[in-house]
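Quick notes on the structure that follows.
All residue numbers in this chain count up from 1 along the given sequence. Every heavy atom of this structure was used, including side-chain atoms; hydrogens, water molecules and symmetry mates were not.
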Amino acid sequence: MLEIAAVIIALAFVALVGVLIPTVLQLRKAGLQAERLLLQVSAELPEILKDLRQTNENVRVMSTQAREGVDRASVLVNALGHVGETVNQVHGVFRGKGLTFIKSLVEAVVGLKAVVLTVKNRAQKKEGG
């Protein structure tokens, strides 16, 4: 009976080893693939980090340039607003002075016409009288 138990234990051990061998081989294969992947990542990582740093620097420079451009545009828009206000004020002054000038010109023409009529009337009186 002891021999039968020993045979059963030996067969169980062989079956267990038979099942474990493919599992161990798969684990070894997975370990080798993981090692290759880590080596590849280790080889490529410095270049990727370098690219990331360069991209980060480019984004920083572009955002600084964009901020400066917005500041310049803001100054330009403010300056244009001031120019528009100045043009409006000058237009108002000229419009007011233009009306005053036209009024003065009309008054001068009316006055000149009155002088001419007066001179004409006196000349006619002298000729007739």
Side-chain angles (χ1 to χ4, degrees):
M1 180 112 166
L2 191 57
E3 293 172 1
I4 295 176
V7 170
I8 292 175
I9 290 174
L11 286 176
F13 183 74
V14 168
L16 180 64
V17 169
V19 171
L20 287 178
I21 287 176
T23 305
V24 169
L25 290 176
Q26 281 294 91
L27 284 173
R28 182 174 180 259
K29 186 178 176 183
L32 290 173
Q33 287 178 340
E35 184 181 0
R36 274 185 278 169
L37 179 64
L38 284 174
L39 288 173
Q40 184 179 3
V41 167
S42 294
E44 293 178 5
L45 190 60
E47 188 65 30
I48 291 170
L49 289 175
K50 180 182 173 188
D51 290 346
L52 279 174
R53 284 187 197 107
Q54 185 62 44
T55 301
N56 185 38
E57 180 64 20
N58 290 344
V59 168
R60 190 186 63 74
V61 167
M62 288 179 1
S63 67
T64 300
Q65 290 174 347
R67 194 175 316 114
E68 289 171 356
V70 168
D71 290 343
R72 287 187 196 128
S74 176
V75 169
L76 178 63
V77 168
N78 286 337
L80 287 174
H82 291 304
V83 168
E85 289 174 17
T86 303
V87 166
N88 192 26
Q89 289 173 353
V90 168
H91 179 258
V93 167
F94 278 116
R95 184 177 43 197
K97 286 192 175 184
L99 291 175
T100 304
F101 174 74
I102 291 173
K103 183 179 174 185
S104 298
L105 184 63
V106 168
E107 289 173 352
V109 168
V110 169
L112 185 61
K113 187 175 178 183
V115 168
V116 168
L117 285 176
T118 304
V119 169
K120 249 185 176 181
N121 285 339
R122 287 189 180 170
Q124 285 177 356
K125 284 185 183 176
K126 284 186 179 181
E127 285 179 10

Original post:
Out of curiosity, T55 OG1 to M62 CE, how far, rounded to the nearest 0.5 Å?
Top reply: 10.0 Å
Subject >> Gap separating the CG atom of L38 from the CG atom of L45, nearest 0.5 angstrom >> reply: 11.0 Å
**OP:** Please test E68 against R72 for side-chain contact (heavy atoms from CB on, under 4.5 Å), starting from the C-alpha separation and ending with a verdict.
**Re:** CA-CA 6 Å; E68 289 171 356; R72 287 187 196 128; 4.1 Å; yes
**OP:** Check whether L25 and V17 end up in the same hydrophobic cluster, where Ile, Leu, Val, Met, Phe, Trp and Tyr are linked by side-chain heavy atoms less than 4.5 Å apart.
**Re:** yes
Original post:
E57: what forms a side chain to side chain donor-acceptor pair (under 3.5 Å) with it, not counting sequence neighbours?
Top reply: R60
**OP:** List for me each residue that meets side-chain contact (heavy atoms from CB on, under 4.5 Å) alongside V106, sequence neighbours excluded, and say none if there are none.
**Re:** I102, V110
Original post:
Under 4.5 Å between side-chain heavy atoms, hopping through other hydrophobics if needed: is there a path connecting F13 to I21?
Top reply: yes
Subject >> Nearest heavy-atom neighbours spanning S42 and P46 >> reply: O-CD, 3.2 Å
Original post:
From K120 NZ over to K113 NZ, what is the distance, rounded to the nearest 0.5 angstrom?
Top reply: 10.0 Å
Subject >> Exceeds 12 heavy-atom contacts within 6.0 angstrom, atom CD of E35 >> reply: no
**OP:** Give a yes or no on whether Q33 atom CD has more than 12 heavy-atom contacts from other residues, nucleotides or ligands under 6.0 Å away.
**Re:** yes
Original post:
Between atom CG of D51 and atom CG of N58, what is the distance when rounded to the nearest 0.5 Å?
Top reply: 10.5 Å
Subject >> Gap between atom CD1 of I9 and atom CG of L16 - 0.5 Å precision >> reply: 12.5 Å
Subject >> From E47 atom CD to L52 atom CG, the distance as rounded to the nearest 0.5 Å >> reply: 10.5 Å
Original post:
Does the pair T64 and R67 meet the rule for a side-chain contact (heavy atoms from CB on, under 4.5 Å), with working shown?
Top reply: CA-CA 5 Å; T64 300; R67 194 175 316 114; 4.1 Å; yes
